[in-house]
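What follows is a single structure, written as structure tokens, with notes after it.
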Amino acid sequence: MAEEKKEKIVVRYPPSPTGPLHIGNIRTFLFNFLFAKKNEGKIILRFEDTDKERSDEKFAKIALADLKELGLTYDEGPFYQSGRTDRYREVIEELIKEGKAYEAEENAAKTGRVVRIKNPGGDIVFNDIIKGEIKIDVSQYGDFVIARSKDDPLYHLTVVVDDFDFGVTHVIRGEDHITSTPRQILIAQAIETPTLKYAHLPLIVGQDGKKLSKRHGAVTYEEFKKQGILPEALLNYLALLGWSAKNDKEFFTLSELISEFDLEKVNNSPAKFDYEKLYAINRQHLLKLSEDKFILLLQEFLPEKLKSFLSLRPDFVQNVFYAEMRERISKFSDISAMFERGEFNFLFEAGEYEEGSLIWKKSDKEKTVEHLKKTLELFEKLPDEFNPKEVKDILWPYAQEHGAGDVLWPVRYALTGAKRSPDPFTVASLLGKKESKERIKKALAKLES
RNA sequence: GGCCCCUUCGUCUAGCGGUCUAGGACGCUGCCCUCUCACGGCAGAAACACGGGUUCGAGUCCCGUAGGGGUCACCA
């Protein structure tokens, strides 16, 4: 059967190294990446650094490192436009020779004369994969400048030349580029290159509907990393901004995204970035992490005081702590926030409290004293270090018999001195036998004084 | 302001003319679980911007209005 040969898809991701990569850039890379992988095409990375004033190599380095950590790979590059001035000059000379461009006034830097393209005017129409047909009258742009001088090309020109030279087939970028598309098409027509397919992605905006920026909160990968957001979670969430799967599915690994992504299903209205939703997605990814990986990553966010407390505990007790954390956080930085809020104070001291706080609802002082004494007695059966299940096993039957609240509330309160904390079994396990007993004795002394 | 794009719950979205008394998720509220908190389970409140068409029938198509956004560099 004469099957039509499928065009090899080539996309590109062209950041300008003038600042750190932000969410919008990463989302654009992601969609290019997913589209390429999904269609067995390739993705090219190139740095658009023709603006010597603003470009800085350090930003390119950061971008490369970020992409690597995010697991976003590319098939070719990185290329740097600053290394291709000869080729651009060649195109400019050719354009001038053919009368399609011309040298005009002296440039601002007084290093030569600017080159303008001859703009025939009229409508340029292109069919955007996401937006549909877009028609723009290019007369409004006049004979726009395509180079500061023959050796100093500008963005619109270099984009078109590079896309052609590298065989790019699809341009997927933010919709803030829609109005520059006709100018690029004009240049493409002048140098007689094939027409590309365009897909303009809806923008990611802040809660106020304006372009996402610093004042909206974290916007760079670095900042999300500091919050303890997993790369795969960030990517997962970003994919959901403007795109959705058929079956209401929202949790995706990168490879799942690749197989389920569909550029045609990208919608066309701007999406507001919602940190809460990101955190919720991140929590799901946290839950999928292996125990070892979770612990390893969590370590980075552990406050020193907590770290040294844990280092004095047996491994299995440390694991009790980690398991507890996995249940309570949605991003790693939550642990430092919890620490600052004093939620771990119980690990270091029992805290001050009124004796009345020790008594559960309708229980009374007498019963509470009795339960605490019994608890102390039962604790004797425990080894010095134990896991939550071991304490639960010895305390539970007694608690059931005398009222779980009546027994357990005072124990937990004596242990923590806090109205809110993990359950008493976990707390006792974390503290160990000796410390637990001391705190209960202290509570008894308070009640009996 | 010119040009361009956009408009379903607070937010991200499903919906591609009848199956929509509009579905899911985050958040929110309530209940359950439970010794507290968190987790988890269940339930609930919550949206088709407005006005005209087209059609037997419109969230879904067309046109206007309003609102929002983008872009108008010798930046990318």
Taking N or O atoms only and anything under 3.5 Å, show me the protein contacts with nucleotides 66-72 of chain B, one pair per line.
| residue | atom | partner | partner atom | Å |
| --- | --- | --- | --- | --- |
| B/rG69 | OP1 | A/Lys210 | NZ | 3.2 |
| B/rU71 | OP1 | A/Lys211 | NZ | 2.9 |
| B/rU71 | O2' | A/Thr179 | OG1 | 3.0 |

Using atom CG of A/Leu157 as one end and atom P of B/rA76 as the other, report the distance to the nearest whole Å. 11 Å
Between atom CD1 in A/Ile281 and atom C1' in B/rG27, what is the gap in whole Å? 13 Å
Once base and sugar-phosphate atoms are separated, protein heavy atoms under 4.0 Å mark nucleotides 29-50 of chain B, 5' to 3', with B, S and - as ------BBBBSS----------
Applying side-chain hydrogen bond (donor to acceptor under 3.5 Å, both in side chains), can you list everything that pairs with [X], at least two apart in sequence or on another chain?
| X | answer |
| --- | --- |
| A/Asn25 | A/His22 |
| A/Arg46 | A/Glu48, A/Asp163 |
| A/Lys211 | none |
| A/Lys100 | A/Glu98, A/Glu192 |

Report, one line per pair, each donor and acceptor closer than 3.5 Å where one atom sits in a side chain of residues 182-190 of chain A; sequence neighbours left out.
| residue | atom | partner | partner atom | Å |
| --- | --- | --- | --- | --- |
| A/Gln184 | OE1 | A/Arg173 | NH2 | 2.6 |
| A/Gln184 | NE2 | A/Tyr155 | OH | 3.4 |
| A/Gln184 | NE2 | A/His156 | ND1 | 3.2 |

Residues 320-335 of chain A vs side-chain hydrogen bond (donor to acceptor under 3.5 Å, both in side chains), sequence neighbours excluded, gives A/Gln299-A/Tyr322, A/Glu324-A/Arg328, A/Ser330-A/Asp334, A/Lys331-A/Asp334
Kindly state each residue pair satisfying side-chain hydrogen bond (donor to acceptor under 3.5 Å, both in side chains) with at least one member in residues 53-65 of chain A, sequence neighbours excluded.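 Pairs touching residues 53-65 of chain A that pass the test: A/Asp51-A/Arg54.
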Enumerate, atom names and distances included, each donor-acceptor pair closer than 3.5 Å involving a side-chain atom of residues 115-132 of chain A, sequence neighbours excluded.
| residue | atom | partner | partner atom | Å |
| --- | --- | --- | --- | --- |
| A/Arg116 | NE | A/Glu105 | OE1 | 3.4 |
| A/Arg116 | NH1 | A/Asp143 | O | 2.7 |
| A/Arg116 | NH2 | A/Glu105 | OE2 | 2.9 |
| A/Lys118 | NZ | A/Gly99 | O | 3.1 |
| A/Asn119 | OD1 | A/Gly121 | N | 2.7 |
| A/Asn119 | ND2 | A/Val138 | O | 2.9 |
| A/Asn119 | ND2 | A/Gly142 | O | 2.9 |
| A/Asp128 | OD1 | A/Ile130 | N | 2.8 |
| A/Asp128 | OD1 | A/Lys131 | N | 2.8 |
| A/Asp128 | OD1 | A/His200 | N | 3.2 |
| A/Asp128 | OD2 | A/His200 | N | 3.1 |
| A/Asp128 | OD2 | A/His200 | ND1 | 2.6 |
| A/Lys131 | NZ | A/Glu175 | OE1 | 3.0 |
| A/Lys131 | NZ | A/Asn268 | O | 3.0 |

Counterpart base for B/rA43, defined by Watson-Crick or G-U wobble contacts under 3.5 Å: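 By the stated definition (distances under 3.5 Å), B/rU29 pairs with B/rA43.
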Toward the 5' end of RNA chain B, by each residue's nearest nucleotide, A/Gly132 or A/Pro202: A/Gly132
Mind listing the residues from residues 16-33 of chain A sitting with a heavy atom below 4.0 Å of RNA chain B? Number order is fine.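 Those residues are A/Ser16.
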NA contact type, A/Asn107, heavy-atom cut-off 4.0 Å: base, sugar-phosphate, or nothing?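 Base contact - A/Asn107 has a heavy atom under 4.0 Å of at least one base atom.
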Residue pairs, two or more places apart or on separate chains, that pass salt bridge (charged side-chain N to carboxylate O under 4.0 Å, His left out) and touch residues 268-280 of chain A: A/Glu250-A/Lys277
Centre-to-centre under 6.0 Å for A/Phe344 and A/Phe321, is that the case here? yes
